[in-house]
Amino acid sequence: MLTMVQSIADAQRVALEADESVLLLGEDIGKNGGVFRATEGLWKQFGSERVIDTPLSEAGIVGSALGLAMGGFKPIVEIQFLSFITPAFEQIVSHVARMRLRSQGTFSNSMVIRAPYGGGIGAPELHSDSTEAYFVHTPGLRVVVPSSPFTAKGLLLGAVECPDPVLFLEPLRLYRTQKEEVPADHYILPIDRAKVIKQGEDVTLIGWGAMISLLKEADQLLLEQDISAEIIDVQSLSPIDEVTIFESVKKTGRAVIVHEAPRTCGVGAEIAARLSEEVIDSLEAPIKRVAGYDVPYPLFALEHAYLPSTDKIVRAVMELVYFQ
Amino acid sequence: MLTMVQSIADAQRVALEADESVLLLGEDIGKNGGVFRATEGLWKQFGSERVIDTPLSEAGIVGSALGLAMGGFKPIVEIQFLSFITPAFEQIVSHVARMRLRSQGTFSNSMVIRAPYGGGIGAPELHSDSTEAYFVHTPGLRVVVPSSPFTAKGLLLGAVECPDPVLFLEPLRLYRTQKEEVPADHYILPIDRAKVIKQGEDVTLIGWGAMISLLKEADQLLLEQDISAEIIDVQSLSPIDEVTIFESVKKTGRAVIVHEAPRTCGVGAEIAARLSEEVIDSLEAPIKRVAGYDVPYPLFALEHAYLPSTDKIVRAVMELVYFQ
Amino acid sequence: MLINHLLPCGALTDDGASFWLTLREQEKLDLLRLLRSVRLFDRRMVLWQRQGKIGTYAPIEGQEAAQVGSAYALDKTDWIFPSYREQGVAYTVGIPMTSVIQYWSGQIEGCKPPAGYRYVPPTVPIATQLPQAVGAAWAMKKRGETGIAIAYFGDGATSEGDFHEALNFASVYDLPVLFFCQNNGYAISVPFSEQSASKTVAERAAAYDMDAYQVDGNDVLAVYDVVKTARGKQRPVLIEAITYRTGAHTTADDASRYRSEEEVRIWLNRDPLYRYEQLCLSEGLLDEDELIQEDGQVTKQLDRAIREVEKYQPNLPMGLFQHVYHQIPECLKKQQEEVASYADNGSIHC
Amino acid sequence: MLINHLLPCGALTDDGASFWLTLREQEKLDLLRLLRSVRLFDRRMVLWQRQGKIGTYAPIEGQEAAQVGSAYALDKTDWIFPSYREQGVAYTVGIPMTSVIQYWSGQIEGCKPPAGYRYVPPTVPIATQLPQAVGAAWAMKKRGETGIAIAYFGDGATSEGDFHEALNFASVYDLPVLFFCQNNGYAISVPFSEQSASKTVAERAAAYDMDAYQVDGNDVLAVYDVVKTARGKQRPVLIEAITYRTGAHTTADDASRYRSEEEVRIWLNRDPLYRYEQLCLSEGLLDEDELIQEDGQVTKQLDRAIREVEKYQPNLPMGLFQHVYHQIPECLKKQQEEVASYADNGSIHC
Ligand SMILES: Cc1ncc(C[n+]2csc(CCOP(=O)(O)OP(=O)(O)O)c2C)c(N)n1
Ligand SMILES: Cc1ncc(C[n+]2csc(CCOP(=O)(O)OP(=O)(O)O)c2C)c(N)n1
Ligand SMILES: [Mg+2]
Ligand SMILES: [Mg+2]
């Protein structure tokens, strides 16, 4: 039984064992085992040539990771919190995402950039932001988000195996909340597939990461009202598995998309837009988003008011079910 | 009669004359008058204390502009091309967008960041990208795009007057293509309003910046088919004037949104999402986006295939009009 | 060359002795009281964090002299750009303790500086405050004000691009900005020797044709002296204060994972408070009883402050929406109403 | 201390004379032919741009020695990270002219290096190639390869954060990377004196405990010598080559707006090609007729190359979608089909 953060450490251990070209780079990931212990024990086991404590320099880390990838290594980079990826933004959007294309397939840009993200744990300022949409809007990258210890390991190993650069976002809130059976050896989950985690008839609830547990709770409340919800864990935010979402919404006729990031231009907007283009004639009600408000993520005393909640989800579903 | 780039220079001249606290900062904006001449003549007129050639250092420019704003100045920053804003991304999203909030109204973050953007002029790599969605997804910023010499001056002066930070995006393709009567003195256009630039009945065409001329051309082609299009120039991408868009689509029942940025998580997604939430019962057809593909902006030999075109717009409209 | 006025045992160096002569008694006593109060405050914060009264906290124990000594040299009109670890600076310049506690309790109201202050909210993303301080200094210079901007940052911050861009700007435009680095030897777990191949932070100033000082950061007199001198130059100066945090990086950190007890012991023997107390006691400025009495008063103030903060009522919906823009935009009003409706029906509470 | 082997008049310095003795005749001739061909090529590019055959172009006239001299010292297994202004480097290491012309014609195919080359596509965002070169050098070091990565950049690039982060990384991990700065005095219109308060780029190396050389960038022998030496160190080295572009920043730039004719004239008198030709002619390596004959051959090749490029047929829809991901994802296939449909009906053409 592992927590998510343990399963992530385990995935990296397995990757380091399986493939000599795998390297870990990041701030405090070595001796300290990562500020969340996501690399616990790896520095000891693999040494400082493969598990590398870097200077405090995100552009340096990601830029040199790209050079290492071009030189045949497979870097797994840890960004300490997603907000601190911004100093590396130029390296990521102008280079990491494009090196394969620019070199017409000659140079590898294969790497995994891991970052804990999301709110709800009373963390300091700029430690809770969800900025996945910046990267989903950046062609050439993949963006993947696990929602459980088991999927975390399989998806992370899938990301390591993938020849494309993958931004792997780890919901902070799930790091230690749940323990699960996680196979000790190497296994891979596809990083381009959404998953229907519960079948239902009346409405499709769409989310990822930490929102999945919220959706499950909301589903319990909805059941009490005789509303049958289907739940989709999007998992692969980019490229997105739209077909799974379309199929579900065609069946239920209603969709509520839930995410922590600010509503405007979030990934929810994209899903709603695709639904409104592709399955509009199946819709029996508007498409609803339950998302962060269009304000910077608040200091934690107010985060409960900012974040999606079961209340908000249930209210949104009710509005759709009783829509006419 | 001024071109857009002349009207932008003129707006900055007027702003420098009207308000002593206005300062210009950027690379090559002084002696050279800007690589596009958007600051032509201003260094001569106002001197190097107010029209400041900076080192090649976007984080330095934007970070110190924020300090200047906090200290009571009103910086207008030129980023040479929108793609080169990424080194300043952290300063913009973590600080410029938040300083008012973080200091609870104590320190000003009022500044204008100007950047030429967009494709279609055969420019080198990374000189044609449209990344407005990154900033629309960043609460605390305003994002404004003019579509003509006249609106450019009025909106830019509106942005200068605004106490909030404004990203002012200047469509490169329009810099010199059109001349227009532009009043010599100070005038302001509201930076939070979309504009219906042509009334119509059958479909609403929604765009901004360089897309507006394309929409007008497409409208001519549609007229030949007896299709009456309403055209909306969004202008203010963030915060967006949704009401004007809703009103129009309620009337026409059909919407096509056109932008150069990659489709996924572009601003078009947000507009479609809002329509699908708020006016779905008025819709007679799916919401269509004609946008850049989900690939990095190509080197210019292929940009004609990447960009929205009248062909693509007309095809999208036809699909909506004949949708059943 | 490390500037040192006061040795770990509490004896003055020659330079220290001359500097001591220039100080008024009030200054001497202020420094002592500030050092003691800051330590009390910091320890209380750690305690409150353990008790669940505040959130994750970044302790400063060991760095008090660097913070008090530098901040004591500042003027009220100076711009101060702290990182997240500058509670000693805040205390010294007169930021209310309630504000500092509020900040660490996740209450944005704690970020608001008192009227007239140019004390910027703590900066979390490393090194980003440096270019901003450059801009604030530029604004002062342009207005002909005599004052400076000071940016506080750590040794780890020197590896970020913003450090370089800020120092370059400051030197190109010759701006009155002090770059005050508390080199406490670690960026969380990474020692400075793995952060940088240059042995000191101070030597980096040469790359910008900038003046620099390296000072014993546990020596409040030397720090005060150096910052006062640097401040007077009205030019860019890089200051490296060699110090050590004897506690963890934050209350979420376990420092024993990356450094030895022995190393910590060495630094405990260089304690900034002890040495200055020894000096003051031996100079007969105060006796132990007086010190203990004053501690009692400060402790009372601290307890009042935390009770104040604990009364916090979340300001909803306005706390989320106010000050994001200068006026709340139309689109955001709908969201504001939504929050209001949840606050009203009681489903959002604190 | 500026390293100089060959004076503007074509006379060797003492150091130059010793270095000259170490060169094989083939090397001497190669350098001459490369310098001449690169100049011809560059001038042709400017002409073709004026004729509308290629897009905006960044000329290198004046910087040929810095590019040819440095690139000639490289091995085929070295990683090369050029900026957008390295046509002389490309030519010297053997990148086909067609590729270079294609790049400047907006054809992505021009970015593909020939098999076995580690010549990275030109980097447009300033200084971003530096951390990447660090990574590539790191990969070599980890594999025990003897080779280096070289990053080419300009004086303006030294103000970007990436410059600092890259140099810091390289020195912390002691990696075999050469940071080769062509200081041509300007970043577009901004002179180096306004870019930086430090007088030279080379002196910045000290901040990273790194070796540095400052070399006359118009002196092909000195540049060749320095890069060869630096390459042998298998450690990070910063090289500043002092040079000048006698043309505009790009074909879209008007350099007369920001610099004087007099200044240009001074640098025309320091022409890198002239001085090396003088040397070779005086050493009797070649006569004028031979040179002219060879020019004719190169010109023919160039004309063949441009004709080749002009035959370009856009590769649609694949040119847009291929290589964005290792396989085209499902969602993108719809978009690909859309492009195909337009290409088929002829509404997308070239
Ligand atoms: C850009 C950025 N990257 C990473 C972090 C996470 N982080 C917080 S403190 C810290 C170490 C800072 O070290 P130093 O600059 O020496 O300051 P100290 O904490 O020692 O005072 C790190 C890596 C951050 N806040 N910002
Ligand atoms: C990050 C970034 N900012 C701005 C630009 C626009 N730009 C292109 S070249 C240039 C000047 C570069 O100067 P330098 O580094 O000296 O190189 P040179 O052109 O002189 O070879 C600028 C500002 C850019 N390409 N990238
Ligand atoms: Mg430190
Ligand atoms: Mg230059």
Side-chain angles (χ1 to χ4, degrees), chain A residues 58-59 83-94 97-98 101-102 125-126 129 131 133-140 238-240 257 261-281 283 285-289 292-296 298-299 323-324, chain B residues 58-59 83-94 97-98 101-102 125-126 129 131 133-140 238-240 257 261-281 283 285-289 292-296 298-299 323-324:
Chain A
E58 288 78 8
S83 284
F84 307 140
I85 204 169
T86 46
F89 198 68
E90 180 175 38
Q91 285 292 340
I92 295 173
V93 309
S94 298
R98 296 173 192 236
L101 172 67
R102 298 182 70 247
E125 206 186 349
L126 281 161
D129 298 58
T131 56
Y134 293 150
F135 304 96
V136 173
H137 187 54
T138 303
S238 179
I240 197 167
I257 310 152
R263 162 187 307 246
T264 292
C265 272
V267 178
E270 181 59 31
I271 295 173
R274 292 198 189 193
L275 289 170
S276 74
E277 181 155 1
E278 302 286 346
V279 305
I280 201 161
D281 38 0
L283 288 177
I287 302 166
K288 279 266 173 198
R289 288 177 286 167
Y293 301 111
D294 288 317
V295 304
L299 263 63
F323 178 81
Q324 44 209 355
Chain B
E58 288 78 8
S83 285
F84 307 140
I85 205 167
T86 47
F89 198 68
E90 180 176 38
Q91 285 292 342
I92 294 173
V93 309
S94 297
R98 295 172 192 237
L101 172 67
R102 299 182 70 247
E125 207 186 349
L126 280 161
D129 298 56
T131 56
Y134 293 149
F135 304 95
V136 173
H137 187 53
T138 305
S238 179
I240 197 169
I257 309 153
R263 162 187 308 246
T264 292
C265 273
V267 178
E270 180 58 31
I271 295 173
R274 292 197 189 195
L275 288 170
S276 73
E277 180 154 2
E278 302 286 349
V279 306
I280 200 163
D281 39 0
L283 288 178
I287 301 166
K288 279 268 171 196
R289 288 176 287 167
Y293 301 111
D294 288 319
V295 303
L299 262 64
F323 178 82
Q324 42 210 356

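Because the structure is a prediction, the values reported are computed rather than measured. Note: hydrogens, waters and symmetry copies are ignored here, and every other heavy atom, side chains too, is used. Letters A, B, ... are given to chains in the order of the sequence lines, protein chains preceding strands, and every chain is numbered from 1.
- With a 4.5 Å cut-off on non-hydrogen atoms, Phe323(A) touches chain B through its side chain but not through its backbone.
- Contacts of Leu101(B) with chain A are made by side-chain atoms alone, with heavy-atom separations under 4.5 Å and no backbone atom involved.
- Contacts of Ile240(B) with chain A are absent, with no heavy-atom separation under 4.5 Å from either backbone or side chain.
- Under the 4.5 Å side-chain criterion, counting only non-hydrogen atoms from C-beta, Leu126(B) is in contact with Ser94(A).
- Proximity of Val93(A) to Phe89(B): side-chain heavy atoms (C-beta onward) are nowhere separated by under 4.5 Å.
- Of all non-hydrogen atoms in Asp129(A) and Arg98(B), the two that sit nearest each other are OD2-NH2, 2.8 Å.
- Within the 4.5 angstrom heavy-atom criterion, no atom of Ala88(B) approaches chain A.
- Using a 4.5 Å cut-off between heavy atoms, Leu299(A) does not touch chain B at all.
- Put simply, the side chain of Pro286(A) does not reach to within 4.5 Å of the side chain of Glu278(B), judged on heavy atoms.
- Counting only heavy atoms from C-beta outward, the side chains of Asp294(B) and Pro239(A) never approach each other to under 4.5 Å.
- Of the listed residues (Thr86(B), Thr264(B), Ile85(B)), the greatest number of heavy-atom pairs within a distance under 4.5 Å of chain A belongs to Thr264(B).
- Heavy-atom pairs under 4.5 Å with chain B peak, among Ser276(A), Ala285(A), Ala261(A), Ala273(A), at Ser276(A).
- Proximity to chain B involves both the backbone and the side chain of Val267(A), based on heavy atoms less than 4.5 angstrom apart.
- Under the salt bridge (charged side-chain N to carboxylate O under 4.0 Å, His left out) criterion, Glu125(B) pairs with Arg102(A), not counting sequence neighbours.
- The distance from atom CD1 of Ile287(B) to atom CG of Leu275(A), rounded to the nearest 0.5 Å, is 10.5 Å.
- Counting heavy atoms from C-beta outward, Arg274(B) and Arg289(A) have side chains that approach closer than 4.5 Å.
- Across all their heavy atoms, His137(B) and Pro262(A) have their closest contact at CE1-O, 3.2 Å.
- Neither the backbone nor the side chain of Ser238(A) comes within contact range of chain B; no heavy atom of the residue lies under 4.5 Å from a heavy atom of that chain.
- With respect to chain B, the highest number of heavy-atom pairs below 4.5 Å among Ala272(A), Cys265(A), Ala269(A) belongs to Cys265(A).
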